[in-house]
Q: 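Handing you this structure, nothing more for now.
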Protein chains: 2
Amino acid sequence: MVQFQSSELAKKAGVTVETLRYYHKEALLAEPQKTDAGYRQYTEADLQRVLFIKRCQGLGFTLKEIKELLALKDDTTHTAGEVKTLTQEKIALLNQKIAVLEEIKTTLTSLVKNCDGKGGVSDCNILKALSTNEEHNHLGETSSC
Amino acid sequence: MVQFQSSELAKKAGVTVETLRYYHKEALLAEPQKTDAGYRQYTEADLQRVLFIKRCQGLGFTLKEIKELLALKDDTTHTAGEVKTLTQEKIALLNQKIAVLEEIKTTLTSLVKNCDGKGGVSDCNILKALSTNEEHNHLGETSSC
DNA sequence: ATAAACCCCGTTCTTAAGTACAGGGTCAAT
DNA sequence: ATTGACCCTGTACTTAAGAACGGGGTTTAT
């Protein structure tokens with residue numbers, strides 16, 4: 001069986017050794033066997049697990065969520081439906097975030113449109129809008145972030 | 001001149017007294033006059049400043065950015081153009097963030113579409129896709145976040 | 001047999017935007 | 001004159017995901 005030491009696995013996975021230690025501490029990755037000197041000996045399965053974590057992270061899952069995902073994956077009594085649900089919840093969250101950002105963007109864009117950028121700060125329509133509570137500049141409370 | 005004590009201003013501005021203390025520490029808000037007993041006496045201008053901060057925050061500006069904005073606002077030698085530029089940069093950032101989220105959403109959505117949610121975790125097409133590096137599942141490195 | 005390049009462990013530091021807490025003064029009313 | 005509701009200060013804690021550090025062991029090559 002092929003074994004790697006920590007820096008080797010780290011390089012293959014595109015993380016640092018510190019990150020691996022962190023994953024061990026957070027129980028995302030089990031401690032592998034160790035040599036007599038206490039050196040970790042990782043396997044291909046460990047590498048795959050770290051890559052899985054990294055892929056999930058790239059898709060916006062937090063380590064906490066990834067831990068859940070891994071727990072489902074590790075325990076065959078769980079179902080595909082649970083994974084699907086988790087993923088759909090993530091999509092819903094994503095939609096919320098996108099909607100908030102879009103709304104903010106709309107407001108900022110209209111602020112910029114109303115500002116010719118000429119004159120001193122006291123002439124700036126953006127600052128004027130931000131300095132008043134009036135409704136007509138879309139500046140209602142952008143509730144939960 | 002009307003003066004408020006801290007909890008009063010906090011209530012009017014929708015923040016806590018602790019937040020005000022934090023803004024003082026961060027130099028977003030100057031320390032107001034104090035009574036002999038050391039009690040802060042805020043003015044209407046202080047209230048407006050906190051409201052300004054909160055509005056900017058609602059639009060996704062960080063306190064650091066708001067500090068910049070306030071610095072421009074406070075110093076009349078600055079121009080409306082600077083404010084406009086800052087705002088436009090924020091919009092650009094916003095667009096980047098939205099694009100990243102949209103991309104992730106696309107990937108997750110296609111993962112969900114390929115998973116019927118039936119069977120155990122070993123049947124789950126989402127987990128299968130996340131467990132392999134193949135190109136056909138849109139799982140390329142979602143670079144900078 | 002010693003230097004370079006690894007490895008280990010435990011602990012502290014980082015960012016953002018506060019929140020919480022400990023310990024103590026003050027003001028108004030009873 | 002004492003209770004309750006304020007106020008002050010300074011310090012530590014929070015979340016997320018590691019990064020950095022200090023101090024020390026090991027392996028490999030020279």
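Computed from a predicted structure; not experimentally measured. Chain naming here is simple, since letters A, B, ... match the order of the sequence lines and numbering starts at 1 in each. Only heavy atoms go into these numbers, but all of them, side chains included; no hydrogens, no water, no symmetry mates.
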Q: For C:dC9, does OP1 or OP2 lie under 4.0 Å from any side-chain N or O of A:K34?
A: yes

Q: Answer yes or no: is there an ion pair linking B:D74 with B:R49, defined by an N-O contact shorter than 4.0 Å?
A: yes

Q: Is it the case that B:K90 places NZ or CZ above or below the six-membered ring of B:F61, under 6.0 angstrom from the centre and within 45 degrees of the axis?
A: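 Because its charged atom sits under 6.0 Å from the ring centre and within 45° of the axis, B:K90 does stack over B:F61.
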
Q: Using the side-chain heavy atoms of B:Y39, tell me which of these nucleotides is nearest: D:dT9, C:dC27, C:dC8.
A: C:dC27

Q: Compare side-chain N and O positions of A:S7 against OP1 and OP2 of C:dA5 and report whether any pair is under 4.0 Å apart.
A: no

Q: Measure the distance from CD on A:E8 to P on C:dC6 and round it to the nearest whole Å.
A: 11 Å

Q: I want to verify a distance call: between D:dA20, C:dA20, D:dA17, whose nearest atom is closest to the A:T62 side chain?
A: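 Looking only at heavy atoms from C-beta outward on A:T62, the closest nucleotide is D:dA17.
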
Q: Would you mind reading off the distance between A:E18 atom CD and C:dT11 atom P, rounded to a whole angstrom?
A: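 In whole Å, C:dT11 P and A:E18 CD are 15 Å from each other.
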
Q: Please tell me which of the listed nucleotides, D:dG18, D:dT11, C:dT19, lies nearest to the side chain of A:T19?
A: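 Per side-chain heavy atoms of A:T19, the pick is D:dG18.
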
Q: Would you say B:T109 and B:T106 are linked by a side-chain donor-acceptor pair, where the criterion is simply a distance under 3.5 Å?
A: no

Q: For a quick test of reading the model: is some side-chain N or O of B:S6 closer than 4.0 Å to OP1 or OP2 of D:dC6?
A: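 No, B:S6 has no side-chain N/O under 4.0 Å of OP1/OP2 on D:dC6.
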
Q: Report the nucleotide, chosen from C:dG18, D:dT27, D:dC21, that has the shortest atom-to-atom distance to any side-chain atom of B:K54.
A: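 The answer is C:dG18.
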
Q: At what distance, to the nearest 0.5 angstrom, does CG of A:L69 lie from CD1 of B:I126?
A: 8.5 Å

Q: B:K25 or B:G38: which one's nearest nucleotide on DNA chain D is closer to the 5' end?
A: B:G38

Q: Among side-chain atoms of A:K73 and B:S131, is any donor-acceptor pair under 3.5 angstrom?
A: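 A donor-acceptor contact under 3.5 Å links the two side chains.
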
Q: Between C1' on D:dC8 and CG on B:D36, what's the gap in Å once rounded to a whole number?
A: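 One finds 14 Å between C1' of D:dC8 and CG of B:D36, rounded.
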
Q: Check the distance between D:dC6's P and B:Y42's OH and give it to me in whole angstrom.
A: 16 Å

Q: Can you tell me if A:K67 and A:T62 form a side-chain donor-acceptor pair at under 3.5 Å?
A: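 No pair is found: no donor N or O on one side chain lies under 3.5 Å from an acceptor on the other.
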
Q: Just call it for B:Q5: base, sugar-phosphate, or nothing, with non-hydrogen atoms closer than 4.0 Å on any strand.
A: sugar-phosphate

Q: Do A:Y23 and D:dG18 have a side chain to base donor-acceptor pair shorter than 3.5 Å?
A: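 Under the 3.5 Å cut-off, the side chain and the base do not form any donor-acceptor pair.
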
Q: Can you figure out which of C:dA20, D:dG18, C:dG18 approaches the side chain of B:L63 most closely?
A: C:dG18

Q: Tell me the interatomic distance from A:L20, atom CG, to D:dA19, atom C1', rounded to whole angstroms.
A: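 Spelled out: CG on A:L20 to C1' on D:dA19 is 13 Å.
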
Q: Report the distance from atom CD of A:Q33 to atom C1' of C:dC8, rounded to the nearest whole Å.
A: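 To the nearest whole Å, that distance equals 17 Å.
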
Q: Determine: side-chain N/O of A:T16 to OP1/OP2 of D:dG18, distance under 4.0 Å, yes or no.
A: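 It does not, given that no N or O in the side chain of A:T16 lies less than 4.0 Å from OP1 or OP2 of D:dG18.
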
Q: Provide, to the nearest angstrom, the distance between the CD1 atom belonging to A:I53 and the P atom belonging to D:dG18.
A: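 Taking atom P of D:dG18 as the reference, CD1 of A:I53 is at 9 Å.
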
Q: Give the nucleotide from the list D:dT11, D:dC8, C:dG18 with an atom nearest to the side chain of B:R40.
A: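 Per side-chain heavy atoms of B:R40, the pick is D:dC8.
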
Q: Side-chain N or O of B:Q57 versus OP1/OP2 of C:dG18: is the shortest distance under 4.0 Å?
A: yes

Q: Could you tell me how far apart A:R21 (CZ) and D:dA16 (C1') are, to the nearest whole angstrom?
A: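 About 17 Å, once rounded to whole Å.
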
